[in-house]
Number of protein chains: 2
Amino acid sequence: MNKIPPRTMERLSMYRRILSELEQKGLHFIYSHQLAELASNTSAQVRRDLMEVNCAGIPRRGYRIPELKEKINEFLKDSEEIRVALVGIGNLGRALLSYFNMRSKRLKIVAAFDSDPEKTGRVISGCRTYHVNDLEDVVRRQKISIGIITVGAGSAQKVADMLVEAGICGVLNFAPVPLKMPKTIHNERIDITTSIEKVAYFSGLNKRVQ
Amino acid sequence: MNKIPPRTMERLSMYRRILSELEQKGLHFIYSHQLAELASNTSAQVRRDLMEVNCAGIPRRGYRIPELKEKINEFLKDSEEIRVALVGIGNLGRALLSYFNMRSKRLKIVAAFDSDPEKTGRVISGCRTYHVNDLEDVVRRQKISIGIITVGAGSAQKVADMLVEAGICGVLNFAPVPLKMPKTIHNERIDITTSIEKVAYFSGLNKRVQ
DNA sequence: TTTCACATGTGAAACTTTTCACATCACTAA
DNA sequence: TTAGTGATGTGAAAAGTTTCACATGTGAAA
Ligand SMILES: NC(=O)c1ccc[n+]([C@@H]2O[C@H](COP(=O)([O-])OP(=O)(O)OC[C@H]3O[C@@H](n4cnc5c(N)ncnc54)[C@H](O)[C@@H]3O)[C@@H](O)[C@H]2O)c1
Ligand SMILES: NC(=O)c1ccc[n+]([C@@H]2O[C@H](COP(=O)([O-])OP(=O)(O)OC[C@H]3O[C@@H](n4cnc5c(N)ncnc54)[C@H](O)[C@@H]3O)[C@@H](O)[C@H]2O)c1
């Protein structure tokens, strides 16, 4: 079975969230143009995306919401929970801990690590925290498959190496440095500073001269 | 003068950061393949990107680092500081405040807003905080051009409307809902949950069946 | 029934982004 | 000087993504 195109995958994650809300409101059907409206894109895009997931709608009735959710889940294959480790219990790390362990059932941050002994050996937002020296051990024992890196730029590569060593499958990196790791490991980066600069640039508040 | 392609723009932001570090180490020249290595991409990509910015290198010597930085700054046009407002002084909002007002000189979060009176009227990480009712007023008076939204999903659209009303040029939205706003306003979204799901999906720890 | 209005599903076109491949050029060393 | 090495700059191909446009099909109303 083929992998879904990355962009489509991102939108499917969003559709699923929207569909859950709609379902809770008691709706059973939705048109592509309605979903498009809710997701701020076009109906053609929505239909293409749903095609990717083998979802059939009914002309003049739209798509059956429960079926849609089911199909997306099946393709994204996270009926099983995703066990996540977070490294770097700083300002950002703590924000993520409180967020995910508040609300997500699929995504679970099951262990957090730091090099500062002040921050470890406790439970923060329901998550046990460990010294980073125990990383490999805990990751293996807890069968953690994803790592989130929220340490400073200077330590990010070292932490990434440890995670790889520990047998992680994928990494989400918030530090503003690209990481080197085996191509077999998926490596996603969120660069908040760049995102703001991008907004500034494309807002055109930078009137070009030349 | 033409706008730079979005992807290229993102990478330029990164190159600039890398170049600053190299400059501090006392380096004066760099090859496209070296910059590629540092940025985790290919030398052809780097050369294309630099072309976009009219940067000429010298065969067998590489690119002159100060000139490169200068050219990127010129194109990204942020010699001038970018004045930013943050709305939603929660866990994530506070992390952002501490981060940006620690280190960035170009990007300045000059005002933060919340609806909870407990959180306003103070100074957090060097940033004054206001009640959200004062948003329009403060944004106008302080000539703020970019807004960061870190309120809950339920309030995000309302806050976006207020920012638009106040004359903002661009928005960076962390709430997991797409916002509706005039197409003239650039609107970027960071969806952390989707990013983790994406890592999980492409890590292949979701072994496809069919 | 039949007709009509309107959603879906999907090739194909259009656009964007990345990669390839190589002519060109600058420096080095003989 | 000249030859050789190894960079750059860039058309053109390839890959990825979005948009278009319309045949097909469904339900509802006449
Ligand atoms: N906070 C933000 O809003 C924000 C925004 C953009 C980018 N970032 C990036 O995210 C990362 C974290 O930011 P932050 O504000 O939370 O920083 P922070 O300094 O508050 O937290 C970093 C944490 O990492 C820990 N740490 C350092 N080295 C470590 C190591 N080798 N092993 C384990 N733990 C280690 C530190 O003890 C600290 O607790 C940084 O790379 C930063 O550039 C943060
Ligand atoms: N914290 C994270 O790691 C994280 C991760 C992913 C997404 N997000 C998203 O970021 C947003 C903020 O997350 P958080 O964890 O900081 O939440 P939070 O609840 O800690 O903070 C939200 C803040 O917004 C304020 N607020 C609510 N309505 C408001 C309004 N109308 N005007 C002004 N202020 C208002 C609240 O008083 C609160 O201080 C949420 O949308 C969340 O989904 C957060």
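Keep in mind that the numbers below use all heavy atoms, side chains included, and drop hydrogens, waters and symmetry copies. Numbered from 1 within each chain, the chains take letters A, B, ... in sequence-line order.
Distances were taken from every side-chain heavy atom of B/Y63 (C-beta onward) to each of D/dG9, C/dT19, D/dG4; the shortest belongs to D/dG9. Of the candidates D/dT10, C/dT19, D/dT18, D/dT10 carries the atom nearest the B/R47 side chain, counting heavy atoms from C-beta on. Comparing C/dT8, C/dT19, D/dG27 by their nearest atom to the side chain of A/I58 picks out D/dG27.
The pair B/D191-A/R11 fails the salt-bridge criterion, with no side-chain N (NZ, NE, NH1 or NH2) lying under 4.0 Å from an Asp/Glu carboxylate O. With salt bridges taken as basic N to acidic carboxylate O contacts below 4.0 Å, none links A/E80 and A/R106. A salt bridge is defined here as a Lys NZ or Arg NE, NH1 or NH2 lying under 4.0 Å from an Asp or Glu carboxylate O, and B/K198 with A/E10 meets this definition.
Although no hydrogens or angles enter the test, the distance criterion places no donor-acceptor pair under 3.5 Å between the side chain of A/K69 and the main chain of A/R17.
By the 6.0 Å and 45° rule, A/K71 does not stack over the aromatic ring of A/Y63.
Judged by distance alone, with hydrogens and angles left aside, A/R61 brings no side-chain donor or acceptor close enough to the base of D/dG27 to form a pair under 3.5 Å. Side-chain atoms of A/R48 come within donor-acceptor range of the base of D/dT19, with a qualifying N/O pair under 3.5 Å. A donor-acceptor contact under 3.5 Å is not formed by the side chain of B/R60 with the base of D/dG6.
The side chain of A/R11 contributes an N or O atom lying less than 4.0 Å from OP1 or OP2 of D/dT18. Side-chain N/O atoms of A/S32 include none lying less than 4.0 angstrom from OP1 or OP2 on C/dA7.
In this structure, A/M9 and A/L76 have side chains that are in contact, with non-hydrogen atoms separated by less than 4.5 Å.
Distance A/L50 CG to C/dT8 P: 9 Å, rounded to the nearest Å.
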Fill in the blank from the handout: Secondary structure of DNA chain D per the Watson-Crick/G-U criterion (both distances under 3.5 Å; [ ] crossing, | other strand, . unpaired) is ||||||||||||||||||||||||||||||
